[in-house]
**Q** 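Structure provided below as structure tokens; questions to follow.
Since the structure is predicted, the reported quantities are computational estimates derived from the model, not experimental observations.
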There are 4 protein chains.
Amino acid sequence: MPASRFISDKFFPERNKRERRKEARPGELLEAALDLFVDKGFAATRAEEVAARAGVSKGTLFLYFPSKEELFKAVVTENLSGRFTEWNAEFEAFEGSTSDMLRYCMRIWWERVGSTKASGLTKLMLSEGRNFPELAEFYRQEVVRPGHALLRRIIRRGIDSGEFAPVDVDHAIYAVIAPMIFLMLWKHSAMICVDGESEIDPEKYLAIQAETVLHGLAMPPKAGP
Amino acid sequence: MPASRFISDKFFPERNKRERRKEARPGELLEAALDLFVDKGFAATRAEEVAARAGVSKGTLFLYFPSKEELFKAVVTENLSGRFTEWNAEFEAFEGSTSDMLRYCMRIWWERVGSTKASGLTKLMLSEGRNFPELAEFYRQEVVRPGHALLRRIIRRGIDSGEFAPVDVDHAIYAVIAPMIFLMLWKHSAMICVDGESEIDPEKYLAIQAETVLHGLAMPPKAGP
Amino acid sequence: MPASRFISDKFFPERNKRERRKEARPGELLEAALDLFVDKGFAATRAEEVAARAGVSKGTLFLYFPSKEELFKAVVTENLSGRFTEWNAEFEAFEGSTSDMLRYCMRIWWERVGSTKASGLTKLMLSEGRNFPELAEFYRQEVVRPGHALLRRIIRRGIDSGEFAPVDVDHAIYAVIAPMIFLMLWKHSAMICVDGESEIDPEKYLAIQAETVLHGLAMPPKAGP
Amino acid sequence: MPASRFISDKFFPERNKRERRKEARPGELLEAALDLFVDKGFAATRAEEVAARAGVSKGTLFLYFPSKEELFKAVVTENLSGRFTEWNAEFEAFEGSTSDMLRYCMRIWWERVGSTKASGLTKLMLSEGRNFPELAEFYRQEVVRPGHALLRRIIRRGIDSGEFAPVDVDHAIYAVIAPMIFLMLWKHSAMICVDGESEIDPEKYLAIQAETVLHGLAMPPKAGP
DNA sequence: CATGAATGAGACTTCATTCAT
DNA sequence: AATGAATGAAGTCTCATTCAT
């Protein structure tokens with residue numbers, strides 16, 4: 001990069017606006033799309049609105065993403081599926097009891113997904129999956145399946161180490177997932193809350209649920225869900 | 001039923017059939033609407049399809065319900081809000097411990113709502129509520145508020161009787177609701193389930209969750225939601 | 001049909017307008033579509049324009065024909081493919097020399113197709129076929145193939161009866177078709193004509209071409225177009 | 001070519017390559033445009049595709065040709081109208097009978113135009129002319145008019161020399177043109193051909209048609225077009 | 001000169017709702 | 001009361017053309 005670049009940057013700070021924008025566009029569009037998809041759902045989000053929020057015209061959106069469906073897939077990849085490699089590695093490297101691992105898992109999930117806009121994507125797929133089979137299939141492959149696989153490995157680790165009872169692994173997965181899904185809905189649906197009812201403290205809620213699940217998974221007596 | 005009805009039955013059986021159908025119309029439409037709303041969501045359900053399933057023409061639907069939104073409200077009233085008077089009475093008359101009352105409450109909810117198509121309406125509102133504010137408000141007033149009120153009275157009964165610890169009532173409500181909501185989603189979303197994973201047994205799942213909640217509400221030590 | 005119908009027809013002649021229109025609609029739309037397709041081509045004809053010319057709105061067109069392509073197919077069926085059964089029967093029943101049959105065939109083709117708007121459909125497919133493969137395939141199946149089959153049978157009849165030389169039948173078909181295609185283009189393309197050049201007399205032109213072809217098909221000396 | 005060119009060739013070979021490409025640009029674009037126009041038609045050919053095939057960017061295309069229409073005109077000039085001066089000269093210098101001249105004319109047309117991509121332009125104008133009146137007018141002026149003029153002079157030469165009967169010259173022109181147009185359509189439309197029908201031999205077809213036309217033009221009895 | 005990001009008019013199609021019959 | 005033909009706003013996507021870099 002020549003020095004002249006910096007010079008012109010100084011005197012004509014707008015000079016590379018277009019150039020910079022070009023690289024930033026997909027990201028800006030993905031963020032706008034995430035916001036709107038989460039807010040209004042897939043079908044109810046108009047392509048033009050996404051473009052407008054990203055500060056571009058209708059046409060520009062289709063310059064980067066060939067269709068609304070592909071835009072959605074890109075949003076999912078960007079915000080959810082792209083992270084599984086990182087998480088898998090993290091849990092591969094985890095040292096400590098599987099109970100701690102599960103507690104950590106649920107806490108970290110809330111931190112990195114549940115509490116963010118990304119969790120709205122899951123709510124969206126729960127709602128509209130049936131109307132957009134291709135998106136549903138994509139989401140299942142890219143998010144649900146890896147997620148379940150990760151949890152399954154954790155549960156199995158606990159069983160193999162003798163820490164957990166030899167429960168039905170799939171049932172255990174649902175027991176872990178259920179409170180997470182509830183939290184997402186609670187976060188993304190004004191529906192559940194009424195009037196001036198007091199708020200949920202998600203971290204605390206999850207912590208309690210974690211203990212409940214672990215109680216059900218505990219070795220000695222009888223096994224849970 | 002007036003005597004004239006029987007007379008017409010005898011002498012004008014043809015005329016009467018029509019009459020009966022006429023009176024049955026709204027009910028048939030409501031049932032068709034419930035099916036389709038639950039299956040495809042509110043926005044994605046086409047008015048014509050509802051009419052077709054009820055065996056009438058598009059125009060007839062709008063003869064009985066002035067708009068798709070009013071149709072939806074009628075479906076909600078018919079299937080959910082209309083039942084609260086009955087439930088309130090039932091719990092008013094309940095004799096026994098509040099723990100049993102809560103267990104009974106969750107079990108009976110599954111029997112009468114959770115396991116039926118009606119539960120799809122809740123899922124629907126969770127998903128599409130934001131796009132149809134008027135429907136959301138209606139649902140909140142007609143279903144969420146009475147439901148929360150009922151639960152609140154149960155929890156308070158337990159606290160007042162010294163059976164439950166003096167917990168935050170609203171938090172306790174969420175603890176009860178959460179597994180119900182999860183079950184509804186599990187029932188109405190292919191999304192959550194993957195491949196050949198084993199099924200959940202809803203009754204068992206609810207029973208376990210009930211015990212967990214009751215454990216959290218128990219008197220002695222200290223309680224969390 | 002009750003007498004009251006006629007009475008109301010007298011006093012309220014507009015009464016059955018809607019009813020009558022309902023039955024006439026498809027036909028009116030097909031005619032409007034034929035006009036516009038022939039005039040502007042398939043791609044350049046806007047659905048709304050077809051509707052407007054038929055005196056209805058955009059939506060109404062799609063009430064009768066699910067897509068622009070299906071509309072086009074219906075136009076082809078109505079104006080071309082539907083007629084082959086009639087023509088086949090006519091030639092089955094033809095008595096006389098095959099030479100006369102061929103002369104008659106070309107003359108009748110001009111009368112019933114070539115000189116009508118329907119011939120514009122052929123011109124259209126020649127132009128746009130490549131851009132709309134499904135339409136092209138449909139047209140080939142429904143028009144080109146039956147047309148060639150009919151001609152092939154005529155030529156073969158002549159050969160079998162010893163009236164024609166045993167020429168290559170397919171070549172002969174092209175020799176018959178060529179002037180017809182030229183006439184269609186001449187009719188539908190302002191392109192070919194220039195300034196004040198005198199007009200072609202299609203009937204005469206075809207008659208001469210028919211003799212030329214028959215000369216080429218004649219038995220004795222050497223054969224083939 | 002100025003001497004400076006050679007100097008730059010030696011000392012700035014890099015710079016020169018660019019220069020050469022620069023000069024070649026329009027030609028490359030015209031060739032790409034010819035290919036695509038002939039293949040897909042005028043309306044269906046996208047400007048970006050032309051640019052891509054020529055190895056330049058969309059912007060560059062509009063640098064050389066102010067619009068798609070102007071590009072098309074340039075293609076026509078390059079491939080058709082530009083050649084008439086050469087042809088006129090050739091026929092001016094022709095020595096021999098007018099019959100031979102006409103035979104030669106049709107043969108040479110096939111060699112130099114009919115069998116090349118350029119003939120696709122005629123088919124294109126026949127098809128899309130009506131949708132692009134300015135192009136149609138241009139084509140008429142630049143191609144049709146000179147072409148007809150050339151043929152008219154040939155026919156007239158034959159009549160003046162007593163070789164041909166005093167037929168209607170314009171009719172005679174159509175008789176000559178018709179088989180040429182048919183051949184172009186046959187070459188550029190999959191439409192006309194069906195299944196495995198045997199091919200046409202264009203040279204032979206034209207030769208036969210030439211004799212037919214000449215027969216019609218012959219002096220003695222009475223003539224038709 | 002060359003690029004390619006950006007635009008926006010315009011095309012097809014859907015569907016809640018109206019209304020003449 | 002019942003019908004179903006008709007409407008038209010709205011949504012997705014395309015592509016010739018422009019212009020900052």
**Q** Drop me the distance from C/Leu126's CG to D/Lys123's NZ, to the nearest 0.5 angstrom.
**A**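 It is 7.5 Å, given to the nearest 0.5 Å.
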**Q** Taking any strand in view, what nucleotide pairs with F/dA20 in a Watson-Crick or G-U wobble way, both distances under 3.5 Å?
**A**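 For F/dA20, the partner nucleotide comes out as E/dT3, under the 3.5 Å rule.
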**Q** Return whichever of A/Ser67 or D/Phe42 has its heavy-atom-nearest nucleotide of DNA chain F closer to the 5' end.
**A**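 Upstream on the strand: A/Ser67.
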**Q** To the nearest Å, how far apart are C/Asn131 CG and F/dC15 P?
**A**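 So the two atoms are 11 Å apart, to the nearest Å.
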**Q** Measure the distance from CG on A/Leu71 to P on F/dT12 and round it to the nearest whole Å.
**A**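 Computing the A/Leu71:CG to F/dT12:P distance gives 11 Å.
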**Q** Does F/dA2 have OP1 or OP2 under 4.0 Å away from a side-chain N or O of B/Tyr64?
**A**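 Indeed, a polar side-chain atom of B/Tyr64 lies that close.
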**Q** What nucleotide among F/dA1, F/dT12, E/dG10 has an atom nearest to a side-chain atom of B/Leu63?
**A**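 From the listed options, F/dA1 comes nearest.
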**Q** Atom CG of D/Leu29 and atom P of E/dT3: how far apart are they, to the nearest Å?
**A**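 So the CG-P distance, D/Leu29 to E/dT3, works out to 10 Å.
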**Q** Nearest to the side chain of B/Phe62, which nucleotide is it out of E/dA16, F/dT12, E/dG10?
**A**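 Among the listed nucleotides, the one closest to the side chain of B/Phe62 is E/dA16.
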**Q** Got more than 12 heavy atoms from elsewhere within 6.0 Å of CD, D/Glu31?
**A**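 Check fails, neighbour count at 12 or below.
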**Q** Is any side-chain heavy atom of B/Phe42 closer than 4.5 Å to one of B/Glu69?
**A**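 Answer yes - side chains close enough.
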**Q** Roughly how many Å is it from CD in D/Glu70 to C1' in F/dT17, rounded to a whole number?
**A**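 It is 14 Å, rounded to the nearest whole Å.
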**Q** Within this structure, what is the CD-to-P distance between A/Glu49 and F/dG11, rounded to whole angstrom?
**A**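 It works out to 8 Å between those atoms.
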**Q** From C-beta outward on B/Ser57, which listed nucleotide comes closest to its side chain: F/dT3, E/dC15, E/dC12?
**A**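 The closest nucleotide is F/dT3.
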**Q** Paired with E/dG8: which nucleotide, if any, by Watson-Crick or G-U wobble criteria at under 3.5 Å for both distances?
**A**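 Pairing partner: F/dC15.
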**Q** Looking at every heavy atom in both C/Phe65 and C/Glu70, which two are closest together, and how far apart are they?
**A**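 Minimum heavy-atom contact is CD2-O, 4.5 Å.
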**Q** Ignoring the backbone of A/Ala47, work out which of E/dT3, F/dT12, F/dT17 is nearest its side chain.
**A**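 Ranking E/dT3, F/dT12, F/dT17 by closest atom to the A/Ala47 side chain puts F/dT12 first.
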**Q** Would you indicate which nucleotide in E/dA16, E/dC12, E/dT3 comes nearest to any side-chain atom of C/Arg46?
**A**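 My answer, after comparing the listed nucleotides, is E/dC12.
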**Q** So, is B/Thr60 close to the F/dA2 phosphate, meaning a side-chain N or O under 4.0 Å from OP1 or OP2?
**A**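 It does not, given that no N or O in the side chain of B/Thr60 lies less than 4.0 Å from OP1 or OP2 of F/dA2.
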**Q** Nearest heavy atom decides the nucleotide; on that basis, is D/Pro66 or A/Glu69 closer to the 5' end of DNA chain F?
**A**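 The answer here is A/Glu69.
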**Q** Would one find more than 12 heavy atoms of other residues, nucleotides or ligands at under 6.0 Å from atom NZ of B/Lys73?
**A**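 More than 12 within 6.0 Å, yes.
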**Q** Whole Å only: how far is the NZ atom of D/Lys68 from the C1' atom of F/dC15?
**A**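 Roughly 8 Å, once rounded to whole Å.
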**Q** Take atom NZ of A/Lys58 and atom P of E/dG10, then tell me their distance rounded to the nearest Å.
**A**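 In whole Å, E/dG10 P lies 11 Å from A/Lys58 NZ.
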